[in-house]
Structure formats: C-alpha cells, structure tokens
Amino acid sequence: MIQLLRATRPKQWIKNLLVFAVPLASGDLGTSNAVFKSLCAFITFTVLSAATYLINDIRDVAQDQLHPKKKNRPIASGQLSIRRAMLASIALGVAGISLPVFFGLWNLFVVLSAYAILQAAYQLVLKKIALLDLVVVSSGFVLRAMAGGLAAGILISPWFITVTAASAMFIVSGKRFCEFRNHGEHGETRNSLLGYTETYLRTLWASSMGLAIVFYVLWSVEIGRDGKHWLALLTALPFTLVLLRYAHHVDSGDAESPEDVVLGDAAIQVLVLFWALLFAVRVFS
C-alpha cells in the first residue's frame, strides 16, 4: 500500500490546490456552496491525476530505469507490480470521473473528461512531439484552475486563464530545460528531448515567464476596478519575485521537480505567503 501511495506522487498533489484559485480570487470561497464544489474538484483531480501518474510510470518503466532518480520509483524499481498499478489506475480513473456525476457537477465532469482525453492523447502520441508535449502538460494546470470556478458557477476572467497558461508553460518548459541540461539530448530518459535544443528551451521558459508577468499585471488591473486597484497591483510584486526566484533554479538546472523547488526554497515560500496575505486583504477587506 505504501508503494502504491508513493507511485501516485503525493508531492504533486499540491498543484491541485489550483482549483481553489478562482473561488478565492472572486471572494466566493467563503460560501459553503463554493467550498463544497471546490473541494469536490480538488478530490477528483487528485484521484484522476493519480491514475494518470500510474499509467505514465507503467508506459515509461524502461526509460525510468535509466534515470538516476526515476529508477527509484516504485514501478521502475520493481517494488510495485505493473498488474497492481494497472488495476489501481483503472479504479482511480473510474472513481475520479464518477464523483462529479454523482453530485451532478456536470461542468466539472466536462473539465475532467477533457483532462482525461488530453492525458490519453499525451500518452499515446503527443508526448513524443516536441512543444505539443509541453502544451498538453501545461493545459493540465489550466484545467485545474478552471475546474473550481466552473464547478461553483463562477465567471472566470480571460486574463486569469492567460496568467495560468503562461505560468504553467514557464514551469513545464523550465522542467524540460533542466532535463535536457542534466541528461543530454540523446533521449535515453525521455524521447521528446530529441526534438529540443537547450537554446530553444531557454527561449520558451524565459518568454513564458515574461508573458506571465505581463498578463498578471493586466489581470490585477482588471480585478482592481472595485476600488482596491493599488492592492491588486501590489500583489504583482511578490508574484514577479517568485517567478524570478524560480527562474534562478531553472537556470541552475535544479528544477526537474517543481514541487521539490517550491517545498525546498524558503524564499519562495515566504514570497508566496506574502502574496497570499496581500491577496486576502484585497478580497476580504
């Protein structure tokens, strides 16, 4: 059971907190209805993404065994059998899709279905195509961010979506940049590395970071129309510093695991807390 839990990558569950972003930004998270529906979105994305991680590790077992860190994953190391992982993946996938249907959250069901379809396309074809593999992985962040708002029936700002999309591309392309730098272009540990160069990946993550900052400022102007424009704009400062701090890790080649960067960098954690406090003051004051 412990090895099965490890294979579902608990550290990566943190990204599912994105489902609370829209209700929090709109100020609706204080209502019991929004809390319940956002919590359903969090649980279903956690369960469904766990199923996709298991499938991914099953399909990539040969490559993971050549990777200095991934070779220690439960499936690659042989601590978890492929048969057991497959059965668990099917059970988790069915549970993840069924929960929103049970509660009648059809908007959430549509988002989860889109996520499942994209993940299937990624596993079968798109993960082997440079750039498209990054787009699909980034879309997972965007769908998570949309899920909470759609489940609760909250209008989502287009600028919010662009901020999420650009930030996701920054993180994902930064991860691929580090993989390329640390493991070379030969693709033994990831086939899609064959379609990249270090210069191209640097261009992707640097330009995505710049776009994320610009889009965030534009979004802060939009949400600041309620008379708290200075507070909204002020949140752009810690947001920018977080991205710049994270970019330092990318440039150093140690951002292969984004969750480890966030959980291991005290400066990023303090800046995120500062951002959250500023945002909470803007929303609830």
Query - Donor-acceptor contact below 3.5 Å, side chain Gln79 vs main chain Arg73 - result: no
**Report entry** hydrophobic_cluster_shared for Leu237 and Phe279, side chain cutoff 4.5 Å
**Finding:** yes
Query raised in the report: Do Ser49 and Arg144 touch side chain to side chain, with heavy atoms closer than 4.5 Å?
Result: yes
**Report entry** Contact check, side chains of Lys127 and Asp60, non-hydrogen atoms, under 4.5 Å
**Finding:** yes
**Report entry** Single-linkage hydrophobic cluster, 4.5 Å side-chain cutoff, Leu39 and Leu112 together
**Finding:** yes
Query raised in the report: Within a reach of under 6.0 Å around CG of Leu124, are more than 12 heavy atoms found that belong to other residues, nucleotides or ligands?
Result: yes
Query - Over all atoms of both residues, closest heavy-atom pair of Leu278 and Pro238 - result: CD1-CG, 4.1 Å
Requested in this report: Please examine the side chains of Val172 and Phe141, heavy atoms only from C-beta on, and report whether any two atoms are closer than 4.5 Å.
Outcome: yes
Query raised in the report: Looking at OG of Ser220 and CZ of Phe239, how far apart are the two atoms once the value is rounded to the nearest 0.5 Å?
Result: 10.0 Å
Query raised in the report: Got Leu134 and Tyr196 here, is their nearest side-chain heavy-atom distance under 4.5 Å?
Result: yes
Report task. Find the distance between OH (Tyr122) and OG1 (Thr52) and round it off to the nearest 0.5 Å. Result -> 10.0 Å
Query raised in the report: Do side-chain atoms of Arg59 reach the backbone of Gln123 as a donor and acceptor pair under 3.5 angstrom?
Result: yes
Query raised in the report: When you look at Phe45 and Val19, which way does the side-chain contact (heavy atoms from CB on, under 4.5 Å) test go after all the steps?
Result: CA-CA 9 Å; Phe45 256 105; Val19 302; 4.3 Å; yes
Requested in this report: Report yes if the side chains of Phe215 and Ser167 come closer than 4.5 Å at any heavy-atom pair, otherwise no.
Outcome: no
Query raised in the report: Can you list the steps and then say if Val261 with Glu256 is a side-chain contact (heavy atoms from CB on, under 4.5 Å)?
Result: CA-CA 9 Å; Val261 173; Glu256 278 194 58; over 6 Å; no
Query raised in the report: So, does Asp133 use its side chain to make a donor-acceptor pair with the main chain of Leu131 at under 3.5 Å?
Result: yes
**Report entry** Value rounded to 0.5 Å, distance of OG1 in Thr44 from CG in Leu108
**Finding:** 4.5 Å
**Report entry** Audit row: Ile43, Leu99, side-chain contact (heavy atoms from CB on, under 4.5 Å) steps and yes/no
**Finding:** CA-CA 9 Å; Ile43 293 172; Leu99 187 63; 4.0 Å; yes
Query raised in the report: Do the rings of Tyr216 and Trp219 sit parallel, tilted or perpendicular, given the 30° and 60° boundaries?
Result: perpendicular
Query raised in the report: In terms of the angle between their ring planes, are Trp205 and Phe170 parallel, tilted or perpendicular, with boundaries placed at 30° and 60°?
Result: tilted
Query - Between CE on residue Met146 and CG on residue Leu18, distance to nearest 0.5 Å - result: 12.5 Å
Query raised in the report: Quick one: does Thr235's side chain have a donor or acceptor within less than 3.5 Å of a partner on Ala232's backbone?
Result: yes
Report task. Group every Ile, Leu, Val, Met, Phe, Trp and Tyr by side-chain heavy-atom contacts under 4.5 Å, then state whether Phe160 and Leu143 land in the same group. Result -> yes
Query raised in the report: With hydrophobic residues grouped by side-chain heavy-atom distances under 4.5 Å, do Phe102 and Ile97 end up in a single group?
Result: yes
Report task. Please name the pair of heavy atoms, one in Gly93 and one in Ala51, separated by the smallest distance, quoted to 0.1 Å. Result -> N-CB, 3.7 Å
Query - 4.5 Å side-chain heavy-atom contact, Met209 and Val250 - result: no
Query raised in the report: With distance as the sole test, does Ser38 use its side chain to make a donor-acceptor pair with the main-chain N or O of Val35 at under 3.5 Å?
Result: no
**Report entry** Minimum heavy-atom distance between Val142 and Ile161, given as atom pair plus value
**Finding:** CG1-CG2, 4.0 Å
Requested in this report: Could you pull out the closest heavy-atom pair between Val217 and Ala236, with the gap in Å?
Outcome: CG2-CB, 4.3 Å
Query raised in the report: Under a 4.5 Å cut-off applied to non-hydrogen side-chain atoms, are Asp260 and Lys11 in contact?
Result: yes
**Report entry** Distance in Å, Leu80 CG paired with Ile2 CD1, rounded so as to fall on 0.5 Å steps
**Finding:** 12.5 Å
Query - Nearest-0.5 Å distance, CZ of residue Arg9 to CD1 of residue Ile14 - result: 15.5 Å
Query raised in the report: Can any side-chain N or O of Arg202 pair as donor or acceptor with the backbone N or O of Glu198 at less than 3.5 Å?
Result: no
Report summary line: Nearest heavy-atom approach of Leu4 to Ala88 is CD1-CB, 3.7 Å
Query raised in the report: For the side chain of Ser157 and the backbone of Trp159, is there at least one donor-acceptor N/O pair under 3.5 Å apart?
Result: yes
Query raised in the report: If you group Ile, Leu, Val, Met, Phe, Trp and Tyr by side-chain heavy-atom gaps below 4.5 Å, do Leu277 and Val281 land in one group?
Result: no
Query raised in the report: Side chain of Ser89, backbone of Met86: donor and acceptor closer than 3.5 Å?
Result: no
Query raised in the report: How far apart are the closest heavy atoms of Ala152 and Lys37, and which atoms are they?
Result: CA-CD, 3.8 Å
Query - Backbone of Cys178 reached by a side-chain donor or acceptor of Asn182 within 3.5 Å - result: yes
Query raised in the report: Is any side-chain heavy atom of Ile171 less than 4.5 Å from a side-chain heavy atom of Tyr246?
Result: yes
Query - Short side-chain to backbone donor-acceptor contact, Trp13 and Thr8, under 3.5 Å - result: yes
